Q: 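My questions will all concern the structure given below.
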Amino acid sequence: MEPILQLEHLNHVYSPGTPFEHRALIDIDLSIEKGSFVGMIGHTGSGKTTLIQHLNGLLKPTSGRILYNGEDIWISKQRIHQLRFQVGLVFQYPEYQLFEETVYRDIAFGPKNMGLDKDEVDRRVRDALRFVELPERILDHSPFELSGGQKRRVAIAGVIAMEPEVLILDEPIAGLDPESREAILRNIQDYHATRNNTVILVTHNMDVAARMSDQLLVMSHGSLYLSGTPEEIFSQTEALEQTGLTVPEVTQICDHLRRRGVPMPRGLYTVEAARDALLAMRGGSSHA
Amino acid sequence: MLSNITLGQYFPGESLIHRLDPRTKLLLFVLYIVALFLGKGLVSYAIMAIFLIVIIVMSKVPPSSLLRGLKPLWIVIIITGVLNLLFSQGQTVLFTWRRISVTLEGCYNAGFMIVRIILLVLCAFMLTYTTSPILLTDGLERLLRPFQKIGLPVHELAMMMSIALRFIPTLVEETDKIISAQKARGADFESGNILRRAKALIPILVPLFISAFRRADELAIAMECRCYHGGEGRTRLHQLKYARKDYVAYVIGIVLCVAVGILGRRFGL
Ligand SMILES: Nc1ncnc2c1ncn2[C@@H]1O[C@H](COP(=O)(O)OP(=O)(O)OP(=O)(O)O)[C@@H](O)[C@H]1O
Ligand SMILES: [Mg+2]
């Protein structure tokens with residue numbers, strides 16, 4: 001496994017030299033493997049959005065380096081422009097940035113900026129639409145007459161259409177109903193599975209983070225507080241609770257059982273794993 | 001990106017200037033403008049400048065951010081200076097080029113005009129830097145209240161102003177976000193000719209307008225839900241009250257204005 005993105009001693013200070021000065025990122029060292037699915041969690045204001053905006057060069061680090069495929073991204077202006085297409089970033093509430101007259105043209109905005117020819121743009125728009133499971137007839141509609149969940153998916157398609165090597169999503173399921181939530185998560189997972197791209201998913205939902213990621217990053221007060229596999233992270237219930245986070249519901253139940261004397265292993269975070277552990281305890285027999 | 005727009009940004013603080021009544025600061029600001037236009041020569045402008053510098057020092061607002069606020073205005077300042085330099089009437093001709101002649105009086109005029117503009121702008125900054133928008137509109141509403149008798153909708157105007165002020169930072173933040181989001185899709189705002197650059201603004205302006213209208217709608221509903229019905233019979237949580245420092249400030253301001261007026265108009269200093 002080789003790293004696709006590396007951060008070295010990254011610091012970011014907002015409005016330096018004013019009363020509003022704020023150290024949003026403090027000495028972040030981080031390496032993200034090619035093809036991995038990375039979940040990022042952290043309390044409100046912990047610096048998640050600030051961090052991911054560094055990954056595609058929207059924010060310039062106050063100090064420290066960002067390497068993409070081993071190469072410093074800040075060597076030239078053209079490099080940054082290129083990087084925007086290689087590292088696709090879906091902002092929080094992306095539906096508020098739709099602006100075109102039709103869904104088609106909005107999704108095509110990114111690919112067109114890449115300078116692709118018409119056929120290629122067309123292919124990418126239709127591909128992206130398929131990933132977010134929207135019907136083709138929607139392409140001629142105005143994005144403003146869609147439902148909230150549909151708008152969100154159109155906005156995500158707008159970034160997917162650039163076919164980025166790294167797809168970053170900032171809380172893509174915030175404020176949606178459970179059905180749309182599951183659909184969007186499924187789309188992201190499909191995209192990851194089909195394209196084998198790297199995905200970074202920022203979320204407040206522990207169950208989602210646990211179930212989807214290979215690697216979890218926990219941010220707290222501008223620092224990278226914990227990093228590891230979901231199993232490693234969720235076996236540290238106390239450490240997580242100290243930064244105002246919780247563990248997934250299943251893990252909470254397992255912790256509870258352990259306190260009551262049931263010898264549950266630590267770090268279980270899926271219902272299936274918990275079920276298997278319980279069944280194993282009953283002597284390995286399963287009548288399911 | 002846009003965070004370097006410091007124009008009119010409130011700098012929270014606890015200095016004496018911060019704690020003056022907003023009405024005092026508003027009226028002193030008016031007095032200062034009057035004095036600026038009464039002044040005529042070196043002496044009066046030196047007094048005005050020293051007065052302002054004392055206030056800036058007392059307020060503890062960093063001078064660097066004041067200067068940064070002046071930055072967007074330097075073109076206006078230079079143009080005013082050049083126009084005054086070239087088109088002032090005067091006797092002492094320094095040199096002539098074609099039909100345009102530069103006179104000594106022109107130089108003086110240009111210099112004083114520039115100083116005037118800079119002092120005026122800095123004074124306006126001092127007002128908004130040291131007074132929170134809420135207090136500022138409160139003060140304005142109180143000062144304009146007498147005009148209600150002649151049918152001026154004072155409360156409504158003040159409410160509109162405070163809403164506008166309240167939403168400036170929100171809209172700036174929103175614009176920042178939208179710009180970032182479109183940049184993430186490869187939008188380019190910095191290259192191409194004027195037409196291309198203007199077209200590049202569409203992806204920013206459309207979402208911005210939509211969100212501004214949405215916010216306006218939400219705010220109107222929220223105000224109605226709390227039974228807002230205008231200023232009549234409304235009481236305030238924070239009452240404005242003059243303290244001794246306000247009276248002292250008024251006296252200083254009037255003395256300054258009168259002194260500069262006499263120096264400038266009577267003695268031409
Ligand atoms: N443009 C800005 N100027 C100044 N400070 C900022 C700016 N953007 C964010 N901050 C501050 O930086 C800190 C980190 O913000 P950030 O948006 O990265 O947090 P977050 O982890 O994404 O939070 P959330 O979960 O609420 O989205 C916060 O304290 C915030 O107030
Ligand atoms: Mg955020």
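Quick caveat: nothing in here was measured; it's all calculated off a predicted structure.
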Q: Heavy-atom count check: over 12 atoms from other residues, nucleotides or ligands less than 6.0 Å from A:Glu120 CD?
A: yes
Q: Within a radius of less than 6.0 Å around CD1 of B:Ile134, do more than 12 heavy atoms belonging to other residues, nucleotides or ligands occur?
A: no
Q: I need the A:Leu59 CG to B:Ser180 OG distance, nearest 0.5 Å.
A: 6.5 Å
Q: Does atom CD of B:Glu224 have more than 12 heavy-atom neighbours, drawn from other residues, nucleotides or ligands, at distances under 6.0 Å?
A: no
Q: At a 4.5 Å cut-off on heavy atoms, which part of A:Leu98 comes close to chain B: side chain, backbone, both, or neither?
A: backbone
Q: At a 4.5 Å cut-off on heavy atoms, which part of A:Tyr96 comes close to chain B: side chain, backbone, both, or neither?
A: both
Q: Would you mind telling me which of A:Gln53, A:Glu100, A:Met162, A:Lys112 has the largest number of heavy-atom pairs within less than 4.5 Å of chain B?
A: A:Met162
Q: Measure the spacing between CG of B:Leu208 and CZ of A:Phe99 and express it to the nearest 0.5 Å.
A: 13.5 Å
Q: Can any side-chain N or O of A:Gln97 pair as donor or acceptor with the backbone N or O of B:Pro207 at less than 3.5 Å?
A: no
Q: Is B:Arg196 atom CZ crowded by more than 12 heavy atoms from other residues, nucleotides or ligands, each under 6.0 Å away?
A: no
Q: Would the number of heavy atoms belonging to other residues, nucleotides or ligands and lying under 6.0 Å from OH of B:Tyr242 be above 12?
A: yes
Q: Let's go through A:Phe144 and B:Ile210 carefully: what are the C-alpha distance in whole Å and the side-chain angles of both, what is the deciding distance for side chain to side chain contact (heavy atoms under 4.5 Å, CB included) to 0.1 Å, and is it a yes or a no?
A: CA-CA 10 Å; A:Phe144 301 108; B:Ile210 290 173; 3.2 Å; yes
Q: Are there more than 12 heavy atoms of other residues, nucleotides or ligands under 6.0 Å from atom CD of B:Glu14?
A: no
Q: Taking CD1 in B:Ile194 as the centre, count heavy atoms belonging to other residues, nucleotides or ligands within less than 6.0 Å. Is the count above 12?
A: no
Q: More than 12 heavy atoms of other residues, nucleotides or ligands under 6.0 Å from CD of B:Glu173: is that the case?
A: no
Q: Under the side chain to side chain contact (heavy atoms under 4.5 Å, CB included) criterion, do B:Gln182 and A:Asn113 qualify, and how do the steps go?
A: CA-CA 10 Å; B:Gln182 307 298 22; A:Asn113 285 330; over 6 Å; no
Q: Determine the option with the most heavy-atom pairs under 4.5 angstrom with chain A, choosing from B:Pro203, B:Pro12, B:Ala184, B:Ala181.
A: B:Pro203
Q: Side chain, backbone, both or neither: which part of A:Lys77 has a heavy atom under 4.5 Å from chain B?
A: side chain
Q: Check whether any side-chain heavy atom of B:Arg185 sits under 4.5 Å from a side-chain heavy atom of A:Asp106, and report yes or no.
A: yes
Q: Hey, could you give me the OH/NZ distance between A:Tyr93 and B:Lys177, rounded to the nearest 0.5 Å?
A: 9.5 Å
